[in-house]
Structures are given as structure tokens and as C-alpha cells.
Amino acid sequence: MAIPEQFIDELVQRSDIADVVGEYVHLTPKGGNMWGLCPFHTEKTPSFSVSRDKQIFHCFGCGKGGGAISFVMEIEHLSFPDAVRHLAKRLGMEVPETGSSDESRKKYRRAQEANKEAARFYHDYLKGSGGEEVRSYIAQRQISPKFATRFGLGAAPGEWDALTKALTAKGFSKMELLDAGLAVGGKNGGVYDKFRSRLMLPVIDVRGEVVGFTSRILPGLEGAKYLNSPDTVCFKKSQLIYALNFAKSTKRPNLILVEGNIDVITLHQAGFDNVVATMGTALTADHARILSRYTKELVLCYDNDEAGKKSTERVLGILKNADLNVRVLQLPNAVDAAGKPLKQDPDDFVKKFGPAAFEKCLSGSAGQNDYRIDALLQGADLTTDEGRMEFLRSAVEMVGKLASPIEREIYGNKAASAAGISGTAFAQEVERWRKGQARQARKKEERQSLIPASSRQPKARELRYENIRSGLAEEGVLRLVLLDGALFSKAAVEPEQFSSPVLGRAFRLLKNRYERGLSVQLPALAGEFSSNEMSHLVEVTAQPESLAYASQAMEDYINTIRAEAQQRGAAKSDDALLALRARQREKTMEDGQ
């Protein structure tokens, strides 16, 4: 019977590829990946690579590749269902063998019910004598009782199994608590509470259901400062936004994205009910897609230290293709009595200066291009010729990357004015930079075109492309949507237009998963492809692809696929017409005899 896709997603999320492969292969870190001797063919020099970022393995020698499930299928010679059972047993997960949606829904419902009961338990414990330390910490953070209740704050006891005992007494099994992310399996087969001696913050989805927790350890205690629920059937960090259940009803014209959960509560308390945060993870394309459903304008308000500025730059890159108007709220730089710069986050700022000061900063928040120019100016010394030239080089590159000529003129003039040169001179430098980039791209394309077509074909003979030009464009489309699922909105092409059946099938399956809110990742498709097909798909995704010019690249790839599909269609029509004419001639000859 079929195994629910949600379970496969959860299994892939929990099965770290390096840990799985590491049980069979000695891996050594090198250049961002892990390397070892391939277990599928004999070799003396490591050519077997494992990528934690992509959660895939790939051997540059024999060509084998895939995710954790594919690896277990190959190394243990198991079928897809048996490999899933093998990995699930390793993680202490129960495989829903019925294949029915009822079983999947029951597991989801029980996980939500367990989290809801846990939230009540933690909140009640906070109000009792055992919650005194956490209440003291909440008061120290200046969170009022009203907002502590509004956000459902609670306290986790210090005992190993206080919650486990309370919820098993209410009828939950230990496996259900493990599935809900509330308990952790011990070495002796027992279970114990995941959260202990912590401030507990329930995570509530947009429907108002408690799906998991984020937490903070109390000051003075050892352990991770912040700890979230693990990914479960109902808790997906890459698809959850803290406080969106409140912020979705705001009357304000935008949403404000901050880094910390306490920042969110403090700002809501100060009257800003449009503030949200990601769940202890960096913003993803999935987050951007979800946010765009609830607002047309997103304001980034990260900490004003170097780490916060780097995070802002990274997020701006992700949001470049999102259907959102993005602004940046930069908190003023603070200094101590000695004039030393101080880190300042939204929580600190609103407590020190009040809601009116934050509102003023919000009103003056800059568009992302203004922010980038301001950031360049802050790090520039315009009093010297060398400093001005360094600023101008960076500004030319920043403006040159803008797609709109109107934007290039507006922000080019701003940068030129700041550096004290004419807008015309700056525009000339921008165009020179853009021509240089285009020239480099053409040279790269020409180098690629010199590579014999045979060397760019899949290794497996049955997978080789009939139309190499279309096949390479189809590879590019797959790489882009796997890097950023939001690009499916720009992929205006049908799987039937793909010349390669395996690439077309992969595109169709991934798009279907994206539209249903499932994760868009190659390892989750292990049960849909043969070993050779999965190895080829991994090799495709291992090729370099940049999101810097994703929209233009996607358009070029799709134009190629469509043009080649049209030519194939015309050729088929010609063949059909010739065949019809041949049959007509034969019939005429027969009639004349």
C-alpha cells in the first residue's frame, strides 16, 4: 500500500544524509561537502560526495546519486517501501502502512491534540509555584500578564518526564508524543521530555491550532539558548511564521519581519500587531510565498549589528523574486558611555525609546535599493579619491544588477550625487559594467557550446536526449525550481513540452508538490524514479546555477523548450501528412488495377 507523502517528507526532513551515509562510509569534510570512497564501485581516491545543503549524495566516478532513501535502497538492496521502513525504524518512527488518508489525518490530529494539551500544561505550570522563575524572567523582559496570556506563554518543569507523565495519563501514547515532537527517545528504550526548565512559546498556525513550540532557556542554565520543536507531521519550520495568526488580521498596510520571538511579543504589546518572525531559521522562498498571501509590503527589521545587516542582505536576495514590495527599517546606531557601538534589536529599541520612536522609524523605512545605497555609503570614506572610487565600483555593480532602466536611472543618480559626480558619467559606467557581464555570459555560453553534445548526454543510454538543446534547457528549469520553489510561478511551460520524459516527469511531480504545499526537494521523489533516473537527476542538480538572474534565465530556458517543442510538433505533422499521402497513392494504384 502507498505510504503518505507527508510521512515521506517528514522522514526525509529527519534523515540527515551525512548521518545515514556515515554509517557505511567514512566521510571527511572538504570544500563545503563531505567526501569518501564510493561504496558502489572500487576506487582509491574519494570521488563520492555528500551535500548536507541539498541532502543528496553523488559519485563523480560511477554516477550514482540520490537522497537518503535512494542510498539505503542501493546499499541494502531494498525496495522503496522497505528502505522507508529501514530509515523509519532507525529514527523510531512508525510507518503508516494503511496508505489511507484517514490514517494520515488521524496522526496529524493526534499530534495537534498533544501539542494543544502540552500548551495548557505549560501555561498552568507557569501560573503555579513551579513557574516562579519563568514568571520572574517574563517580568524582567517587561512582558505584561495580558500579553503573556495572549501568546500562551508557559513554563517547562525541570523534571525529565513531567510532561510525558501528564499526557500519557490523558491517553496519549509515547509514540504519539515522539511524533508530536514533545518527547525524545532514550538509549534504554524509554522517552523523556524534549523541553525542560524553559520559557515556552506555543507556535500557532494561521488556523489557530497549536502545532509546536519555540522556547528559551532560563538565564544561568546550560543548554541551547533557543530550542524549537523538531519538524513533525504538523510542524514545518520552513513553512511556519510566528504570530502570523495574529498579524493576518492587522489593519496596518504591511507586515514587519523581525528575527526573534520576544521581539514579536514586545512589539505587539507596543501596538504593532503586524509583526512576525521565522521559526529560528533563515527566511526561505516558502516563507516569502506564504507572506505574499497576506500582504503586499514587507518591512525587514533585523538587529543593527553586522550579523543583522548580513541577514538583511541575504533576505533581500531571496525576496527579489517574491510578489512583495520590500522595505528595510534600520534601527539607529546606539553607543555606550564610552562611545562603543551597541547591538540594538527591536525589543531593546521600543523599551528604551517607546512606540512613537519606533513608528517614526517605520515611517522612514527605506526601499531595498535605498537601503543598499545607504549601506554602501555607511562603509565608504568619501573624503578621499580612493574611498570614492571604491564606493562607486560597488554602487555601479549594485545599480547594474537592477532589471528596470527606470530604477537604474533613479538609483544611479542618487549614487552619483552622493559621490559628487554627474549622473551621465555614472550611467556610462553602469552600461559598461552591464556590457561586460553580458560579454562574460556570451563567452561562457560559447565555451559550453564547444563541449561535444555527446559529453552532455546522460550516462544511461535509455535516458539520452533526442533533442540536446531542449534537454539542457529542461535541466536548467529543474535546477532553478529546486533552488527556489517560488520560480514555479514563472515556469510557464507544460511537462508535455519537455523532450526528455524523465525531466518532464520530475518537473510535473515537483510542481504538483509545490502546489499542494509539500516540500520541493529531490530526495522525496525516490519512490518515483529508477536508480539510473535518480542518479541522472542528481547529476543535473549538481551543475552550477545562479539565482542572480533567475527570471531572465527561466525565460530563456522556457523559450528554448517551447521553440523546440513547436519544431517537433511541426515535424510530426509533416510525417503524418507524408504517410497519409503515401496511403492515398497506394489506394489509387490498387483501384486502378
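What you see is a predicted model; the values in this text were computed from it and never measured.
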Can you list the steps and then say if Gln112 with Asp205 is a side-chain contact (heavy atoms from CB on, under 4.5 Å)? CA-CA 11 Å; Gln112 282 194 332; Asp205 66 15; 4.0 Å; yes
Test side-chain hydrogen bond (donor to acceptor under 3.5 Å, both in side chains) applied to Glu132 and Tyr137, step by step: CA-CA 9 Å; Glu132 186 176 349; Tyr137 177 71; over 6 Å; no
Step by step, work out the salt bridge (charged side-chain N to carboxylate O under 4.0 Å, His left out) result for Glu113 and Lys116. CA-CA 5 Å; Glu113 288 172 353; Lys116 185 177 181 180; over 6 Å; no
Please determine whether side-chain contact (heavy atoms from CB on, under 4.5 Å) holds for the pair Arg327 and Leu300, giving the CA-CA distance in whole Å, both sets of side-chain angles, and the decisive distance to 0.1 Å. CA-CA 6 Å; Arg327 303 185 68 79; Leu300 303 182; over 6 Å; no
Using the rule given for side-chain contact (heavy atoms from CB on, under 4.5 Å), can you reason through Arg479 versus Val540, listing the C-alpha separation, both sets of side-chain angles and the distance that settles it, and then say yes or no? CA-CA 7 Å; Arg479 282 193 292 271; Val540 166; 3.8 Å; yes
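No donor-acceptor pair under 3.5 Å is formed between the side chain of Glu209 and the backbone N or O of Arg109. Using modelled atom types, no side-chain atom of Arg14 and backbone atom of Leu91 make a donor-acceptor pair closer than 3.5 Å. Although no hydrogens or angles enter the test, the distance criterion places no donor-acceptor pair under 3.5 Å between the side chain of Thr250 and the main chain of Ala247. Under the 3.5 Å distance criterion, the side-chain polar atoms of His268 are matched with a main-chain donor or acceptor of Val275. Using a distance-only test at 3.5 Å, with no hydrogens or angles considered, no donor-acceptor pair links the side chain of Asp348 to the main chain of Gln344. For Asn274 (side chain) and Asn254 (main-chain N/O), a donor-acceptor pair under 3.5 Å exists by modelled atom type. His123 places a side-chain N or O within donor-acceptor distance of the main-chain N or O of Leu153, the cut-off being under 3.5 Å. Remark: side-chain polar atoms of Ser535 are paired, donor with acceptor, to backbone N or O of Gly65 under 3.5 angstrom. A donor-acceptor contact shorter than 3.5 Å links the side chain of Asp193 to the backbone of Leu163. Put simply, the side chain of Glu176 never gets that close to the backbone of Ala111: no donor and acceptor are under 3.5 Å apart.
Neither side chain, Thr232 nor Glu10, offers a donor N or O lying under 3.5 Å from an acceptor on the other. For the residue pair Arg516/Asn512, the side-chain donor-acceptor check at 3.5 Å is satisfied. Side chains of Tyr122 and Arg198: a donor-acceptor N/O pair is absent below 3.5 angstrom, by distance only.
The two residues Glu259 and Gly308 make their nearest non-hydrogen contact at OE2-CA, 4.2 Å. Scanning all heavy atoms of the two residues, the minimum distance from Gln55 to Ile17 falls at OE1-N, 2.8 Å. Scanning all heavy atoms of the two residues, the minimum distance from Asn33 to Ser49 falls at ND2-OG, 3.4 Å. Closest non-hydrogen pair, Ile56 versus Pro523, comes out as CG2-CG, 4.0 Å. The minimum heavy-atom distance linking Val20 with Ser15 is given by the pair CG2-CB, 4.2 Å. Of all heavy-atom pairs spanning Asn115 and Val211, the tightest one is ND2-O, 3.5 Å.
Taking the ring centroids of Phe71 and Phe40, they lie under the 6.0 Å cut-off. A distance of 6.0 Å or more separates the ring centres of Tyr108 and Phe7. Separation of the His536 and Phe529 ring centroids does not fall under the 6.0 Å cut-off. Side-chain rings of Phe235 and Phe213 stay apart, their centers remaining 6.0 Å or farther from each other.
For the pair Glu159 and Arg196, the salt-bridge criterion is not met [side-chain N within less than 4.0 Å of a carboxylate O]. Comment: Asp347 engages Arg141 in a salt bridge, judged by a side-chain N to carboxylate O separation of less than 4.0 angstrom. Salt bridge absent: Lys107 and Glu94 never bring a charged side-chain N and a carboxylate O closer than 4.0 Å. Using a 4.0 Å cut-off between charged nitrogen and carboxylate oxygen, Lys237 and Asp231 count as a salt-bridge pair. A salt bridge links Asp19 to Arg52: one of the charged nitrogens lies within less than 4.0 Å of a carboxylate oxygen.
Two residues are said to be in side-chain contact when any heavy atoms from C-beta on lie closer than 4.5 Å; Val520 and Phe488 meet this criterion. With a 4.5 Å cut-off on side-chain heavy atoms, Phe358 and Cys301 count as touching. Looking at Leu362 and Ile256, their side chains come closer than 4.5 Å, going by heavy atoms from C-beta outward. Between Ser249 and Tyr294, every side-chain heavy-atom pair lies at or beyond the 4.5 Å cut-off. The shortest distance between side-chain heavy atoms of Ser229 and Phe195 falls below 4.5 Å. By the 4.5 Å heavy-atom criterion applied to side chains, Pro230 and Lys194 are counted as neighbours. Contact annotation: the side chain of Glu539 never approaches that of Met534 to less than 4.5 Å [non-hydrogen atoms, C-beta and beyond]. Between Leu87 and Ile69, some side-chain heavy-atom pair lies under the 4.5 Å cut-off.
With values rounded to the nearest 0.5 angstrom, Tyr242 atom OH is found 12.5 Å from Leu244 atom CG. Distance check, rounded to the nearest 0.5 Å: CZ of Arg505 to CG of Leu537 gives 8.5 Å. Atom CG of residue Leu283 and atom CG of residue Leu319 lie 5.5 Å apart, to the nearest 0.5 angstrom. For the atom pair CD (Glu76) and NE2 (His86), the distance works out to 5.0 Å, reported to the nearest 0.5 Å. If you take CD1 on Ile241 and CG on Leu291, they are separated by 3.5 Å, rounding to the nearest 0.5 Å. Atom CG of residue Asp263 and atom CZ of residue Phe349 lie 13.0 Å apart, to the nearest 0.5 angstrom.
The neighbour count for Glu313 CD, taken as heavy atoms of other residues, nucleotides or ligands under 6.0 Å away, is above 12. Within 6.0 Å of atom NZ in Lys174, 12 or fewer heavy atoms from other residues, nucleotides or ligands are found, so the atom counts as exposed in its surroundings. The environment of NZ in Lys310 is sparse: at most 12 heavy-atom neighbours from other residues, nucleotides or ligands sit within 6.0 Å.
The side-chain tip of Arg120 does not point at the ring of Tyr125 from less than 6.0 angstrom away and within 45° of straight on.
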